[in-house]
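In what follows, residues are counted from 1 in the order of the sequence shown. Every heavy atom of this structure was used, including side-chain atoms; hydrogens, water molecules and symmetry mates were not. None of the values given here were measured: they were computed from a predicted structure.
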Amino acid sequence: MNIEIIPAMDLIDGACVRLAQGDYDRRTTYGRDPLDTVLRFEAAGLRRLHMVDLDGARTQRPANLKVLERIAARTRLEIQYGGGIKSRTALCDVFSAGARRAVCGSVAVREPDCLAAWLAEFGGERLILGADLRDGRIAIAGWSEETPLGAAELIGRFRKQGLQQVICTDIARDGMLCGPATSFYAALQAEFPDVEITVSGGIATLGDLTALDRAGLRSVIVGKALYEGRITLEDLGRCLPNE
């Protein structure tokens with residue numbers, strides 16, 4: 001399998017949680033110490049971690065940087081961190097705490113010139129555009145505000161600025177274990193062949209990963225299916241390239 005598999009880790013009050021469709025009231029906690037989970041990811045051969053600061057998404061500034069710093073100091077996983085990055089100071093704080101990449105969503109909609117400047121300064125290999133979709137439209141501010149923008153329109157704004165990667169989350173499918181919108185992602189990847197479209201939302205089985213791989217997607221985030229054992233770390237280990 002050629003697709004890169006990226007485990008998700010959502011944080012509230014320093015604990016690893018999962019939400020259903022982005023609803024903070026539909027929360028499941030999967031252990032108080034996220035480092036234990038990360039070390040299992042690393043032992044399985046995974047190379048990257050998708051860390052979402054849900055507190056930061058609500059408070060508009062990163063709130064779990066100490067957790068990030070602790071994990072980054074103890075693992076070789078490349079961490080991409082999102083949630084509450086609304087200023088250059090916050091972005092630099094995230095990088096200083098150990099993140100290799102930062103995910104920016106709301107700022108791309110509200111202050112596109114700001115994200116364009118960050119892409120010029122830090123490079124497309126370190127800045128990831130977060131494109132979270134509800135009913136085909138971008139939602140921001142922890143998915144609490146909807147916009148009239150579609151994913152393709154938002155991606156197109158930053159293509160010439162050096163954008164290299166987009167995480168596209170299907171909010172309706174997130175945490176629901178109902179399967180991803182494979183045809184949508186394949187079409188989006190075909191429209192932007194020079195940008196890596198990372199699939200997020202709905203992954204439930206190994207078959208979902210196989211279908212995305214066959215459709216030409218390059219990376220996928222796996223969350224609830226992994227935490228609930230529908231896909232095991234042993235399964236993922238067998239799916240890694242050169243395994």
Decide whether [X] and [Y] are clustered together by the hydrophobic rule: side chain heavy atoms of Ile, Leu, Val, Met, Phe, Trp, Tyr closer than 4.5 Å, transitively.
{"X": "Leu115", "Y": "Ile128", "value": "no"}
{"X": "Ile231", "Y": "Tyr30", "value": "yes"}
{"X": "Val222", "Y": "Val103", "value": "no"}
{"X": "Ile6", "Y": "Met1", "value": "no"}
{"X": "Leu206", "Y": "Val199", "value": "yes"}

Legend entry - Residues, nucleotides or ligands: over 12 heavy atoms within 6.0 Å of Arg218 CZ: yes

Legend entry - Residues, nucleotides or ligands: over 12 heavy atoms within 6.0 Å of Arg214 CZ: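 Atom CZ in Arg214 is not packed in, count stays at 12 or less.
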
[X]: side chain to side chain donor-acceptor pair (under 3.5 Å) partners, not counting sequence neighbours:
{"X": "Arg159", "result": "Asp194"}
{"X": "Glu121", "result": "Arg88"}
{"X": "Arg100", "result": "none"}
{"X": "Gln164", "result": "none"}

To the nearest 0.5 Å, tell me how far [X] [atom1] sits from [Y] [atom2].
{"X": "Leu11", "Y": "Asn64", "atom1": "CG", "atom2": "CG", "answer": "5.0 Å"}
{"X": "Leu68", "Y": "Met51", "atom1": "CG", "atom2": "CE", "answer": "5.5 Å"}
{"X": "Arg126", "Y": "Trp118", "atom1": "CZ", "atom2": "CH2", "answer": "13.5 Å"}
{"X": "Gln165", "Y": "Leu129", "atom1": "CD", "atom2": "CG", "answer": "10.0 Å"}
{"X": "Ser219", "Y": "Gln80", "atom1": "OG", "atom2": "CD", "answer": "8.0 Å"}
{"X": "Ile79", "Y": "Ile71", "atom1": "CD1", "atom2": "CD1", "answer": "6.0 Å"}

Inset, instruction - Kindly write out the residues that satisfy ring pair (Phe, Tyr, Trp, His ring centres under 6.0 Å) with Phe41, not counting sequence neighbours, or none if the list is empty. - result: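 Counting only residues at least two positions away or on another chain, Phe41 forms no ring pair (Phe, Tyr, Trp, His ring centres under 6.0 Å).
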
Indicate the atoms forming the closest heavy-atom contact of [X] with [Y], along with that distance.
{"X": "Val67", "Y": "Gly14", "answer": "CG2-CA, 3.9 Å"}
{"X": "Ala116", "Y": "Phe158", "answer": "N-CE2, 4.1 Å"}
{"X": "Ala102", "Y": "Ile85", "answer": "CB-CD1, 3.8 Å"}
{"X": "Tyr227", "Y": "Ala8", "answer": "OH-O, 2.5 Å"}
{"X": "Val195", "Y": "Gln189", "answer": "O-NE2, 2.7 Å"}
{"X": "Ile3", "Y": "Leu209", "answer": "CG2-O, 4.3 Å"}

Listed pairs under 3.5 Å, donor-acceptor, residues 178-187 side chains, sequence neighbours left out:
| residue | atom | partner | partner atom | Å |
| --- | --- | --- | --- | --- |
| Tyr185 | OH | Cys168 | O | 2.9 |
| Tyr185 | OH | Ser200 | O | 3.0 |

Distance-only check: which donor-acceptor pairs under 3.5 Å involve side-chain atoms of residues 89-99, not counting sequence neighbours?
| residue | atom | partner | partner atom | Å |
| --- | --- | --- | --- | --- |
| Ser96 | OG | Cys92 | O | 2.9 |

Legend entry - Residues Met176, Gln21; criterion side chain to side chain contact (heavy atoms under 4.5 Å, CB included); working and verdict: CA-CA 7 Å; Met176 300 308 291; Gln21 297 179 314; 3.6 Å; yes

Inset, instruction - Show which residues join Ile171 in its hydrophobic cluster (side-chain heavy-atom contacts under 4.5 Å, direct or indirect), or state none. - result: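 Listed partners: Trp143.
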
Legend entry - Co-members of Val52 in a cluster of I, L, V, M, F, W and Y side chains, linked at under 4.5 Å: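 Ile12, Val17, Leu19, Tyr24, Leu54, listed by chain and number.
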
Legend entry - Qualifying residues under salt bridge (charged side-chain N to carboxylate O under 4.0 Å, His left out), relative to Asp213, sequence neighbours excluded: none

Please report, to 0.1 Å, the donor-acceptor pairs under 3.5 Å made by any side chain of residues 144-155, with sequence neighbours excluded.
| residue | atom | partner | partner atom | Å |
| --- | --- | --- | --- | --- |
| Ser144 | OG | Ala141 | O | 2.6 |
| Glu145 | OE1 | Arg110 | NH2 | 2.7 |
| Glu145 | OE2 | Arg110 | NH2 | 2.7 |
| Glu146 | OE2 | Arg134 | NH1 | 3.4 |
| Thr147 | OG1 | Ile138 | O | 2.9 |
| Thr147 | OG1 | Leu149 | N | 3.2 |

Legend entry - Qualifying side chain to side chain donor-acceptor pair (under 3.5 Å) pairs, either residue in residues 2-13, two or more places apart: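 Listed by first then second residue: Glu4-Arg48, Asp10-Arg18.
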
Inset, instruction - State which residue, out of Ile203, Leu212, Leu226, Val220, fulfils the side-chain contact (heavy atoms from CB on, under 4.5 Å) condition with Ile5. - result: Val220

Inset, instruction - Answer whether the closest heavy-atom distance between the side chains of Thr205 and Thr210 falls below 4.5 Å. - result: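 Thr205 vs Thr210: side chains apart.
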
Inset, instruction - Taking the side chain as every heavy atom from C-beta outward, state whether Val38 and Arg74 have any pair of such atoms under 4.5 Å apart. - result: no

Inset, instruction - Give a yes or no on whether the backbone of Ala57 and the side-chain of Gln60 come within a donor-acceptor separation of less than 3.5 Å. - result: yes

